[in-house]
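Below is one structure, written out as structure tokens; comments come after it.
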Amino acid sequence: MSSAWDAPDTDHRDTAGVTADGAAWLASAGTYPRSTLALWEERPHAPVVLPCGSVFDVVSAPAVFGRLMLDRLWDDGPGSGPVAAFRGRMLLFAAPGTAQRLPSLLDWEEWSADGRRDGRTGTVPPLLCHGNGDAVTVPAPLASEDSGGATRWVTAPDTRHPWLPGPEILLWAAVRAARAAVRISISHASDPDAKVYDVSRRR
């Protein structure tokens with residue numbers, strides 16, 4: 001089912017595309033990096049499926065919430081690693097091990113916020129964490145006009161050793177994105193006693 005977080009992402013950082021070093025970094029996650037690079041040389045608009053867990057993990061968020069997380073990372077935090085938009089979701093590339101650790105950190109935040117009126121993580125939608133044993137489809141190095149912008153790089157990899165956020169940084173971004181979402185809901189509420197949290201938590 002769709003939710004408030006599934007709206008298309010219209011505000012984004014366009015990039016020129018993945019550099020040769022960035023493509024080499026992505027390809028290094030696969031079993032046959034040379035074959036992946038050869039494919040991209042022949043078909044630079046072709047997305048590929050790459051395994052997670054060794055070179056990177058991926059945290060997948062609904063587009064709007066992922067955009068809020070990305071804004072927090074760039075405006076108030078250390079920035080982000082590579083980020084892609086793929087079929088209505090935002091894929092944040094993270095340090096290996098993040099997929100295993102982040103869910104427990106989010107659970108702890110929700111437990112510690114239980115019963116609090118501010119509901120610190122009350123509006124965090126489910127985040128899909130892809131790590132060891134998982135694989136994700138990543139956009140092609142060059143954007144395809146056929147995708148209509150639904151599948152593209154928001155922050156393209158441009159180095160063989162990109163910085164990747166870990167679980168604590170992404171937890172920080174998720175909590176602050178949730179707070180920002182609550183403030184947005186409150187500022188648009190016509191009734192000061194309206195239960196804005198119930199609206200923003202719809203699945």
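Residues L39 and V55 share a hydrophobic cluster, clusters being chains of Ile/Leu/Val/Met/Phe/Trp/Tyr side chains in contact below 4.5 Å. Two different hydrophobic clusters hold L128 and V59 under the rule that ILVMFWY side chains link at heavy-atom gaps under 4.5 Å.
Side-chain atoms of R72 do not come within 3.5 Å of backbone N or O of A177 as any donor-acceptor pair. Of the possible polar contacts, one joining the H45 side chain to the L142 backbone as a donor-acceptor pair under 3.5 Å is found. Side-chain atoms of D57 never come within 3.5 Å of backbone atoms of G131 as a donor-acceptor pair (strictly under, hydrogens ignored).
In this structure, the separation between CZ on R176 and CG on D71 is 14.5 Å, given to the nearest 0.5 Å. Here the straight-line distance linking atom OG of S80 with atom CG of L73 works out to 6.0 Å at 0.5 Å rounding. A distance of 13.0 Å separates NE2 of H130 from CG of L50, quoted to the nearest 0.5 Å. Taken from OG1 in T137 to CZ in R87, the straight-line distance is 6.5 Å, to the nearest 0.5 Å. To the nearest 0.5 Å, the span separating CG on L170 from SG on C129 amounts to 8.5 Å.
Applying the side-chain contact (heavy atoms from CB on, under 4.5 Å) test to P167 and every residue at least two apart in sequence or in another chain returns T98, R101, L102, L105. Applying the salt bridge (charged side-chain N to carboxylate O under 4.0 Å, His left out) test to D21 and every residue at least two apart in sequence or in another chain returns R160.
Using a 4.5 Å heavy-atom threshold, the side chains of L127 and P103 count as separate. At a threshold of 4.5 Å between non-hydrogen side-chain atoms, the residues V138 and F86 do not count as touching. Between L26 and W40 there is a side-chain heavy-atom pair separated by less than 4.5 Å. Residues M90 and P62 are not in side-chain contact: their nearest non-hydrogen atoms beyond the backbone lie 4.5 Å or more apart.
When all heavy atoms are compared, the tightest approach of A46 to P141 is O-CD, 4.3 Å. The shortest non-hydrogen separation linking W25 to T159 is CB-O, 3.6 Å. Considering every non-hydrogen atom in both W153 and V83, the closest pair reads CE3-O, 3.4 Å. I169 and P165 get closest at one heavy-atom pair: CG2-CB, 3.9 Å. Taking both residues in full, the closest heavy atoms of V124 and A174 are given as CG2-O, 3.9 Å, listed atom of the first, atom of the second, then distance. Residues P139 and A85 approach most closely at CG-O, 4.1 Å, considering heavy atoms.
Ring geometry, F56 versus F93: the interplanar angle exceeds 60°, so the pair is classed perpendicular (tilted spans 30 to 60°).
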request  = Determine, step by step, whether L171 and W108 satisfy the side chain to side chain contact (heavy atoms under 4.5 Å, CB included) criterion, reporting the C-alpha distance in whole Å, the side-chain angles of both residues, the deciding distance to 0.1 Å, and the verdict.
outcome  = CA-CA 11 Å; L171 172 70; W108 175 260; over 6 Å; no
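Other residues, nucleotides and ligands contribute only 12 or fewer heavy atoms inside 6.0 Å of the CD atom of Q100.
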